[in-house]
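Report on the following structure.
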Amino acid sequence: MNEIVLKPKDHTRISLEAEVITPDSFAGKSLDEIENMMLYQGNRSVRLKERFDVSGSPCDTAADLRIIIDGDAPRTKRVGEKMSCGEIVVRGNIDMHVGAEMTGGKITVEGNADNFVGREMVGGLIHIKGNALDYVGGTARGKMEGMRGGEIIVDGDAGDHVGNFMYGGVIKIRGNVGQSAGQHMRGKGTIIIGGNSWSRVGCEAADGTILVKGKVHLSTASLGYGCIGQVVKDPELGGDVIEGEFYELRADMGYEPKCGIAKVYASVGLNEHILPGGRTSVPRKGDMPVNRDMLPYLKIYHEEMIVKGGKK
Amino acid sequence: MDNKLYNLVTKEEKCYGCGNCVVACPVNAYNDPAVAGGKGPEQLDKVIMCVENGVIKILNMGLCKGCGTCIEECPDGAIGLEVNYTT
Amino acid sequence: MTTETELLIKNGIVYDPINNVDGEVRDICIRDGKIVDSVSAEAKVIDATGKAVTPGKVECHSHMVGITPTSARIMRPEDIRTRVSASTDVRRAGGGRTVPNTWELGYEYAKLGFTRAYEAAVTPLYSKEAILEFNQYPILNKGIFTLFGNNWFVMDYLKSKEQDKLTAFVSFLLKTTGGYAVKLVNPGGNEAYKWNAEWNCHHADDPVPHFGVTPREIIKGLCIANEELGLPHSIHLHTNMLGVPGNYEVTLDELNITKGIAVGSDSGRVQNTHITHVQFNSFGGDEWRTFNSKADEIAKYINQNDHVTADSGNVIYGDATTMTADSPAEWALYKMTHNKLISNDTEAEDGVGIIPFLYSKKSPVHSVMWAIGLELLLLTDPWKMFVTTDHPNGGVFLDYPLIYSWLLSKKTRMEEAESSHGWALKRTGLGGIDKEYSFYELVIATVAGPARSLGVAKREGHFSNGAAANVAIWDINPLEDDLSRDPQVDKLATTAYTIKNGEIVVKDGTVVSAPMTPLDVAHAHVDYEIQRTVEEELKTKFKRYYTVQFENYIVDPDLYLAKSDRIDVVSGKVHFIPYATQTEEAVK
Amino acid sequence: MIEEKENIVCPFCGCLCDDGVVKVEDNKIVGTRNLCRIGHKKFESAQHGRAESPRIRKNGELVPVTLEEAFDKAAEILVNAERPLFYGWSATCAEATQVGCELTEACRGIIDCTATICHAPSIEAIQDQGAPLSTLGEVMNRADLILYWGCNPMHAHPRHMSRYSVYPRGFFRKRGRKSRTIMVFDPRRTDTAKLADLHVQISPASDHMLVHTFREILNSYDVTHETVAGIPADAIRETMEAMAQHQWCILFFGMGLTQQMGKDRNIDVAIQLMHELNKYIGIRTTLMPMRGHFNVAGANITICSETGYPFAVDFSRGYPRYLPGETSAMDVLYRGEVDAMLNIGANPGTSFSNRALSHMAKIPLINIEPHNQQLLQISDVVFSPAMVGIECEGTAYRMDNVPIKLRKVVEPPENRLPDVVILTEILKRVKELKGKGA
Amino acid sequence: MEMEFILSTGRSIWQGEGIEAGCDSDLYFNACARVEIDPDDMERLGLKENDTVKVVTKYGKVVVYAKESEQSPHRGLIYMPYGTWANVLVEPLTQCTGMPNLKNIPARIEKTDEKVLGAHEAIKYYYADGNWEGTAESLKSYYDIH
């Protein structure tokens with residue numbers, strides 16, 4: 001695996017648009033050709049070498065080329081956009097649109113990532129070791145088909161709208177998630193959330209499956225739709241078996257034409273309060289929100305969400 | 001003021017100038033088609049009150065029949081009906 | 001630059017159907033933006049040997065400006081992203097495919113050889129917005145079709161049978177809201193839709209709730225008003241029950257309504273009714289399973305009757321945005337596709353419906369619609385059937401060259417038919433048609449026909465002396481090349497030169513200059529007495545039923561229509577007063 | 001001699017009331033009629049407290065200068081900026097916005113209007129769901145069920161109820177207030193709720209749940225919990241039952257839905273409810289965002305027809321790009337990615353959040369603002385223009401996107417130019433500098 | 001005595017009038033430098049009309065007058081009209097929609113006797129001198145760390 005190391009110098013407050021940093025555009029180029037590649041900062045264009053020290057051994061085929069950004073690049077956007085093969089490793093933080101619309105290859109970010117991780121992705125693997133902000137695997141405004149395939153793994157927390165308008169692929173988030181995870185899911189995508197989810201999981205989802213291992217703090221009525229599914233033990237999702245018992249709930253029943261094919265699995269121990277009354281049975285005792293007070297839930301959303309600079 | 005049985009009393013510091021009373025009043029709506037369509041009055045001699053300088057102003061108390069619709073429609077209690085039983 | 005320039009187009013292959021010039025090699029001389037007989041020696045020369053030279057094309061029906069396309073732009077940012085263009089010193093930045101922004105529309109239409117375009121549907125209440133956006137629309141001459149089909153005042157006057165007041169109201173509304181022609185969309189049906197999404201006028205004698213007026217009366221009344229005023233263009237009719245199987249009977253029935261009405265204008269038009277995007281209205285069968293084409297019957301009717309012209313409204317496979325004032329049709333599409341729908345009802349006037357739509361080759365219905373459009377064009381006389389896709393309903397104006405190639409060559413047409421669904425050949429008569437358009441017929445259907453039908457044939461669309469110098473020079477030699485074997489789609493897509501009022505605006509597919517152009521407004525004169533009574537009645541009704549004051553409803557000429565050509569129509573005679581001379585008049 | 005000018009359009013809120021009467025005495029506004037309290041105050045204090053005309057901040061102090069010098073300084077700031085932000089466009093006319101788009105394109109900056117703190121989430125929801133819209137006249141003539149959700153028209157749009165939705169006698173609603181039912185959904189018992197037939201007092205921040213419960217009932221499922229969003233289950237069923245008895249329903253929604261958590265998702269679900277009411281129950285339902293500023297709808301429409309996107313348009317690569325969250329004013333200021341800003345037709349001093357304003361204090365700021373607002377403390381080049389709708393003409397768009405021409409009431413004070421003229425001057429100089437520099 | 005509330009900001013007719021009268025007028029000062037509290041909550045907090053209180057959220061602190069809300073009852077909810085004072089407290093993050101979070105923010109109210117600043121000094125103190133970083137030290141925002 002040939003490596004090209006980009007060592008970020010000083011990062012200015014105005015972010016860099018670095019969609020050329022992909023194995024496909026680096027393949028078959030010599031070092032000084034790579035150094036003179038164009039990055040865009042605001043309405044100016046900047047040479048690559050003014051922002052990064054380039055070293056390493058270039059090679060002709062993109063497949064066995066690994067680009068290492070060793071250091072913090074919190075203001076470098078669109079790294080790995082539309083890449084088809086090869087590998088990118090970021091040893092530090094990265095800005096928005098990392099791995100947007102990528103069709104293959106592998107991206108590993110050891111620090112935090114910003115919004116739109118893996119936007120409208122078709123294939124490949126993105127692994128964020130830190131936190132990722134909103135719209136992980138989401139879509140740009142207005143588009144009705146989002147992420148089609150590939151896999152995104154986030155070890156830390158993620159923000160709101162994970163997997164928005166998702167059509168396929170797998171998103172695994174080990175930490176907590178904000179609201180509206182799996183909003184408007186339209187295809188056979190899978191979202192697995194290790195921690196808690198704030199609320200509105202699978203709201204207006206037509207298809208696909210969402211699994212929440214932790215607690216869904218607030219049920220939106222879309223989880224209350226439909227009959228109580230049976231309790232599922234160790235469902236097999238996203239290529240591996242997840243232990244534990246889960247309630248199988250059906251997401252948005254009103255969303256034509258698929259009406260409730262989307263499945264939401266919520267772990268048994270923590271999510272009794274969101275179980276739906278269902279068409280036949282008496283509505284559950286108890287209120288949603290509990291004793292009509294939203295303050296504790298708002299405190300969770302504003303104070304404890306690590307992703308939004310909360311207490312760690 | 002004429003010695004009518006009732007008088008409209010307005011508190012200008014509370015009035016929002018929203019015109020609910022002007023438009024809701026059946027007399028205004030009957031006399032002036034613009035008020036019936038929700039707009040400001042055009043024939044000022046035929047309407048009981050209008051919004052002037054941002055607050056309510058009584059023009060022709062004589063036309064008022066004391067039905068109290070305006071009091072019902074005022075959110076802030078800026079218009080009231082004072083009935084003097086003595087005369 | 002345009003005043004003193006002289007231009008000489010040397011020995012191009014000239015096509016001028018209005019003067020029935022079919023492919024003669026001639027020179028064309030231009031001075032001060034007009035065609036002249038001869039030009040002095042030091043005139044600028046364009047060598048057009050072996051190149052076809054045609055007058056500038058006319059787009060007779062397209063949704064470009066106004067609340068409808070702008071709401072679609074707001075709703076579809078993903079469409080703007082598909083195609084973006086950076087700003088150069090001449091061009092403004094922009095983008096978009098089905099709903100480009102106004103600058104992009106002007107440049108792309110000019111590159112396709114168009115020099116005149118008409119906005120297909122504007123509700124009078126929103127006309128100020130359409131005019132403001134047309135002021136940001138470069139190069140092409142433009143005009144607005146104002147919507148009358150569901151106007152409350154029109155229905156009131158028809159209900160009380162006051163035809164002269166209706167004529168006065170039509171002239172008043174066109175003059176005060178900057179309109180050029182009378183447009184009817186689903187007459188009566190939109191008013192029913194405003195009560196309940198499922199209601200509609202299902203045939204010509206289906207009365208409108210509360211007003212009790214039938215579409216037949218609306219079409220007849222407005223056609224009579226249009227001919228009494230002698231407006232340059234006839235009524236522009238979008239018949240009821242668009243997009244429903246079996247609606248060809250309604251179309252034929254509604255075309256018969258205006259059969260006997262005499263044409264009252266000397267603007268050169270022959271028809272008193274122009275039916276628009278007729279492809280959507282020539283469906284056979286009684287449900288989608290038995291859906292077939294009735295293009296042959298519609299074509300037969302149009303060929304036999306001279307009181308009708310039409311534009312085809314073809315379908316081109318790919319992404320499109322259906323936007324029309326016919327809200328019931330859009331509601332049916334919403335229930336079918338569950339896509340994002342915008343529907344906007346205007347008070348006392350028409351409504352609008354916008355929904356993104358994908359025409360796919362694999363769908364049987366879309367393939368039949370694709371074939372119907374071509375059948376209509378091939379079976380009808382090109383003087384009466386013009387080429388449009390009702391941009392962006394059936395397809396995008398950027399793909400017009402595809403339609404030209406299917407018309408010019410049967411081979412490409414049959415390739416496309418074979419690759420689409422089997423119904424395209426089974427349920428329509430496209431397979432049996434061998435007719436191939438010649439380049440001359442293509443110029444008729446895109447230039448001379450629309451120019452004559454829209455009433456601009458007196459001053460544009462041909463090369464006789466005094467005509468406006470709008471010329472498109474194509475890198476095609478129709479005499480030598482056999483267009484039926486290879487229709488040269490890319491050469492049809494961009495002109496070698498487009499000349500607007502004597503100024504070269506497009507050279508080899510790049511925009512070299514983008515002058516701003518005026519807007520046509522029709523001022524039809526009606527005797528003062530009726531006009532005053534109608535205005536008094538409008539004032540009282542405005543107080544009760546509109547939320548805008550009467551004085552603020554009228555478009556203020558000096559702020560909005562400063563750069564508009566006035567077309568005065570006095571008892572049937574059309575006088576064209578360009579805005580340049582208006583200012584001299586005002587100064588005098 | 002007092003002269004009464006008729007049909008004056010009030011340039012304050014989204015109602016754009018055009019039946020105002022302004023009394024003028026030798027170019028002084030002395031009184032108004034038919035305008036609400038805020039409209040009256042706008043006309044009354046239009047000519048007082050005007051900021052001094054062009055001033056430039058030199059070593060900490062705003063010093064008056066000539067117009068030429070101010071235009072040159074402004075153009076120079078904008079040309080040297082790497083990422084200039086052109087913000088506001090909602091209290092000025094559509095013609096000025098057209099020139100603004102050209103200026104942004106020339107400087108390759110970001111153009112954004114006050115919709116980002118008003119109804120941007122509504123536009124984003126329309127981009128996901130579409131929307132059944134209508135004009136205010138349709139509401140007056142046909143509506144018999146009026147829903148006010150998360151908005152307080154008595155305080156934000158005082159004449160809205162009396163001019164358009166509740167009190168006027170419409171074509172089919174001849175008895176005015178009595179032929180309509182009014183429902184208000186608000187956590188507080190607002191003045192609008194006091195006039196309503198039914199006030200549903202939701203617990204704050206749970207509107208999304210209540211909309212979903214309505215959708216549930218529509219799709220023939222039962223309410224899931226004993227009380228949802230603080231409303232008992234049978235009260236929700238009765239509200240839905242009552243809503244279904246009407247012919248024509250309009251939902252007015254405001255900041256209550258757009259500014260709280262889940263912003264565009266609240267509107268997204270409300271639009272889905274409206275579509276389902278249209279489809280299943282057969283009531284004709286439409287909805288309308290209560291736009292705040294008088295020309296914010298105009299700014300959206302003009303920027304959209306000029307560039308293709310409704311707001312937050314970034315020209316830094318030469319072609320327009322739109323990604324709220326990356327190119328919208330608040331995010332760009334929050335992350336400190338802007339190095340120059342032009343503010344026109346807006347009052348960030350009273351509406352911007354803390355972090356955005358503290359960054360604006362660090363960068364050169366050109367402020368086109370008639371009055372002596374608090375933003376002058378941190379602005380570097382100050383123009384005081386003629387006020388649109390009072391001292392110069394223009395076009396504004398009402399909350400239902402209907403364009404209305406603003407009229408001129410009085411002459412502007414000396415050397416106060418309309419916004420359009422100021423922007424075209426700056427644009428001319430920017431093009432010269434760019435031409436020289438290229 | 002401290003209590004937890006939900007803070008909501010929005011328009012009021014007096015705030016609209018105050019903006020038009022000019023931000024250095026006392027109309028604007030009276031309209032916007034206030035927090036409207038439910039009468040029952042006022043009793044429990046032991047506050048009277050026009051007491052100066054400090055409203056604290058995670059994003060900032062500001063000193064304003066406490067006023068009894070005329071549009072009550074709304075237990076547990078406090079309301080501040082838009083203005084320089086309210087905007088110190090709101091959450092500037094926009095969750096990718098462009099709109100900051102101006103409503104439904106958890107807040108605390110404490111009695112203080114500090115002076116309420118006028119509009120011009122407020123903008124100077126809270127924003128212009130960059131003092132904002134000092135007042136909201138607790139918010140090491142995501143954008144700063146990362």
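Predicted, not measured: the structure shown is a model, and the values here were computed from it.
- With respect to D/R142 and C/D345, no salt bridge is recorded, no charged nitrogen being found less than 4.0 Å from a carboxylate O.
- Two residues are said to be in side-chain contact when any heavy atoms from C-beta on lie closer than 4.5 Å; C/N552 and D/K405 fail this criterion.
- Heavy atoms of C/L559 lying under 4.5 Å from chain D belong exclusively to its side chain.
- Ranked by heavy-atom pairs shorter than 4.5 Å toward chain D, the options C/Y546, C/Y553, C/Y193 are led by C/Y193.
- By the 30° and 60° cut-offs, the orientation of the rings of D/F171 relative to C/W152 is tilted.
- Under the side chain to side chain contact (heavy atoms under 4.5 Å, CB included) rule, D/D19 has a single partner from C/E551, C/Q549, C/K543, which is C/Q549.
- Between chain D and the residues C/E129, C/R73, C/E78, the most heavy-atom pairs under 4.5 angstrom are made by C/E129.
- D/C101 SG to C/R92 CZ: the interatomic distance, rounded to the nearest 0.5 Å, is 7.0 Å.
- Of the N and O atoms on the side chains of C/S87 and D/R108, not one donor lies less than 3.5 Å from an acceptor on the other residue.
- Between D/D128 and C/K340, the shortest heavy-atom contact is O-CB, 4.0 Å.
- Side-chain contact check for C/Y126 and D/T135: no donor-acceptor pair (N or O, by modelled atom type) lies under 3.5 Å.
- Proximity to chain D (any heavy atom under 4.5 Å) is restricted, for C/S85, to the backbone atoms N, CA, C and O.
- Listed options C/D79, C/V99, C/T102 were ranked by heavy-atom pairs under 4.5 angstrom with chain D; first place goes to C/T102.
- The distance from the OG1 atom of D/T286 to the NZ atom of C/K194 is 12.0 Å, given to the nearest 0.5 Å.
- Interface residue C/I67: only side-chain heavy atoms are found under 4.5 Å from chain D.
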